[in-house]
Peer 1: 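Could you have a look at this structure, given as structure tokens, before my questions?
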Amino acid sequence: MGYWQKASEKPKLLNSLQYLDYIDQAFNNSNGTENEHFFQPKIYEYAEKYFKDPRNNEAVFFDETIDRSLYQYVGNTNWWDQIYKKNSFSQQYNASISGGNDRTTYYSSFTYNNVEGLYKNVNDNYQKVNAFMHIKTNITNWLSVSVKCHTITIKEIHHPMDRLMDNQELLFCTRIESSYARISSRWKLLGTRTSCKPSGSSKTSWYISI
């Protein structure tokens, strides 16, 4: 099954003129002044020109009367839209099979989950594969043998905000809890083998019950 997802809440951002106005308010509140600008007056002129007519005015400009060594920026960029997608597509599939006869029964299941992140320019992804198999056979009226195999593989790729452009890949193993078989009204684990690799983990257990 595939499905679309999006951010649960999108913040409302200030435009360039609103940002300048809020900076001025903070500046005047902290200094006890009124109607004074934090930036040089030409910054407000350039910002208003670009806001009203972005096609014929530059967001990035150089004016030596403002600063002889630095370029200035008065763009009206919505950084949320630049970083995040509007939505992303994810998938989850489940399948199982079971059957048997009077002596032997079996059950097997498989789950695949792939969740795509919302970042535009980097790979932000979560994948999980879960496979389980259980076979039980009655050798005699008082002896039965059971084998269970359970494998979980998880792969995650995430990007901290301070290193958004890095392609960091985080692989880790998951813990699988033990289960037990019944012998003479008691549950006992007869044997188990667990392997843990950077790409995931797997566990196989052997049981016998009387």
Side-chain angles (χ1 to χ4, degrees), residues 1-10 80-81 83-210:
M1 178 184 70
Y3 58 95
W4 292 95
Q5 60 180 1
K6 62 180 181 179
S8 58
E9 185 175 352
K10 179 180 178 180
W80 178 276
D81 291 340
I83 296 174
Y84 295 102
K85 305 174 187 175
K86 291 182 178 180
N87 48 53
S88 64
F89 186 73
S90 298
Q91 305 172 71
Q92 181 173 338
Y93 302 99
N94 302 283
S96 64
I97 185 172
S98 61
N101 51 38
D102 294 339
R103 292 190 57 186
T104 303
T105 59
Y106 64 88
Y107 173 80
S108 180
S109 65
F110 176 83
T111 301
Y112 173 74
N113 191 17
N114 183 8
V115 180
E116 291 292 340
L118 291 172
Y119 287 129
K120 277 186 176 181
N121 300 316
V122 294
N123 184 18
D124 181 27
N125 179 262
Y126 171 88
Q127 295 182 42
K128 179 180 179 181
V129 177
N130 189 342
F132 175 78
M133 182 183 68
H134 180 204
I135 301 175
K136 180 181 179 181
T137 183
N138 297 317
I139 298 176
T140 66
N141 292 333
W142 54 270
L143 178 63
S144 64
V145 176
S146 176
V147 177
K148 293 181 180 180
C149 301
H150 191 187
T151 300
I152 299 176
T153 302
I154 297 177
K155 181 179 180 181
E156 292 190 65
I157 303 176
H158 295 306
H159 302 270
M161 289 302 295
D162 58 343
R163 300 182 65 184
L164 190 58
M165 300 310 296
D166 290 349
N167 187 19
Q168 291 186 332
E169 185 170 310
L170 307 179
L171 305 180
F172 61 92
C173 300
T174 58
R175 182 176 64 88
I176 303 175
E177 295 182 356
S178 300
S179 57
Y180 299 85
R182 186 184 183 210
I183 297 181
S184 301
S185 301
R186 293 181 303 168
W187 293 91
K188 185 176 182 181
L189 178 64
L190 296 183
T192 182
R193 182 173 65 87
T194 302
S195 62
C196 187
K197 300 178 181 179
S199 59
S201 62
S202 63
K203 182 171 185 175
T204 304
S205 303
W206 296 269
Y207 309 87
I208 186 170
S209 59
I210 299 176

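Note that this is a predicted model, so its numbers are computed, not measured. These numbers come from the heavy atoms of this one structure, side chains and all, not from hydrogens, waters or symmetry mates.
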Peer 1: Would you say that more than 12 heavy atoms from the other residues, nucleotides or ligands in this model lie under 6.0 Å from the NZ of Lys6, or not?
Peer 2: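 No, because the 6.0 Å sphere around NZ of Lys6 holds 12 heavy atoms or fewer from other groups.
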Peer 1: Without swapping roles, check the side chain of Lys120 against the backbone of Asp81 for a donor-acceptor pair under 3.5 Å.
Peer 2: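 Flag set: sc Lys120 to bb Asp81 pair under 3.5 Å.
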Peer 1: Give, for atom CG of Asn87 and atom OH of Tyr3, the distance between the pair rounded to the nearest 0.5 Å.
Peer 2: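 Reported to 0.5 Å precision, the distance equals 13.0 Å.
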Peer 1: Side chain to side chain contact (heavy atoms under 4.5 Å, CB included) for Thr137 and Ile135? Distances and angles first, verdict last.
Peer 2: CA-CA 7 Å; Thr137 183; Ile135 301 175; 5.6 Å; no
Peer 1: Quick one: sort the His150 and Phe132 rings into parallel, tilted or perpendicular, breaks at 30° and 60°.
Peer 2: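 Correct class here is perpendicular.
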Peer 1: Run the side chain to side chain contact (heavy atoms under 4.5 Å, CB included) check on Lys128 and Thr111 step by step: do they pass?
Peer 2: CA-CA 8 Å; Lys128 179 180 179 181; Thr111 301; over 6 Å; no
Peer 1: Using 0.5 Å steps for rounding, measure from the CD1 atom of Ile83 to the CG atom of Leu118.
Peer 2: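 One gets 12.0 Å once the value is rounded to the nearest 0.5 Å.
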Peer 1: Looking at Thr105 and Asn101, what are the two nearest heavy atoms and their distance?
Peer 2: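 Shortest heavy-atom separation between Thr105 and Asn101 comes out as CG2-O, 3.9 Å.
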Peer 1: Indicate the atoms forming the closest heavy-atom contact of Trp80 with Ala7, along with that distance.
Peer 2: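 Between these two residues, the closest heavy atoms are CZ2-CB, 4.0 Å.
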Peer 1: Using the rule side-chain contact (heavy atoms from CB on, under 4.5 Å), only one of Asn138, Ile139, Thr104 pairs with Ser144; which is it?
Peer 2: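 Of Asn138, Ile139, Thr104, side-chain contact (heavy atoms from CB on, under 4.5 Å) with Ser144 is met by Asn138 alone.
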Peer 1: Could you state the interatomic distance from OH (Tyr126) to CD (Glu116), rounded to the nearest 0.5 Å?
Peer 2: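 It is 13.5 Å, given to the nearest 0.5 Å.
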Peer 1: What are the two closest heavy atoms between Ser88 and Gly117, and how far apart are they?
Peer 2: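 Nearest heavy atoms, Ser88 then Gly117: CB-O, 3.3 Å.
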Peer 1: How many angstroms lie between atom OH of Tyr107 and atom CD1 of Ile97, to the nearest 0.5 angstrom?
Peer 2: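 Tyr107 OH to Ile97 CD1: 11.0 Å, rounded to 0.5 Å.
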Peer 1: Starting at CD of Gln127, measure out to CD of Gln91 and round the result to the nearest 0.5 Å.
Peer 2: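 One gets 9.5 Å once the value is rounded to the nearest 0.5 Å.
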Peer 1: Atom NE2 of His134 and atom NZ of Lys148: how far apart are they, to the nearest 0.5 Å?
Peer 2: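 If we round to the nearest 0.5 Å, His134:NE2 and Lys148:NZ are 5.0 Å apart.
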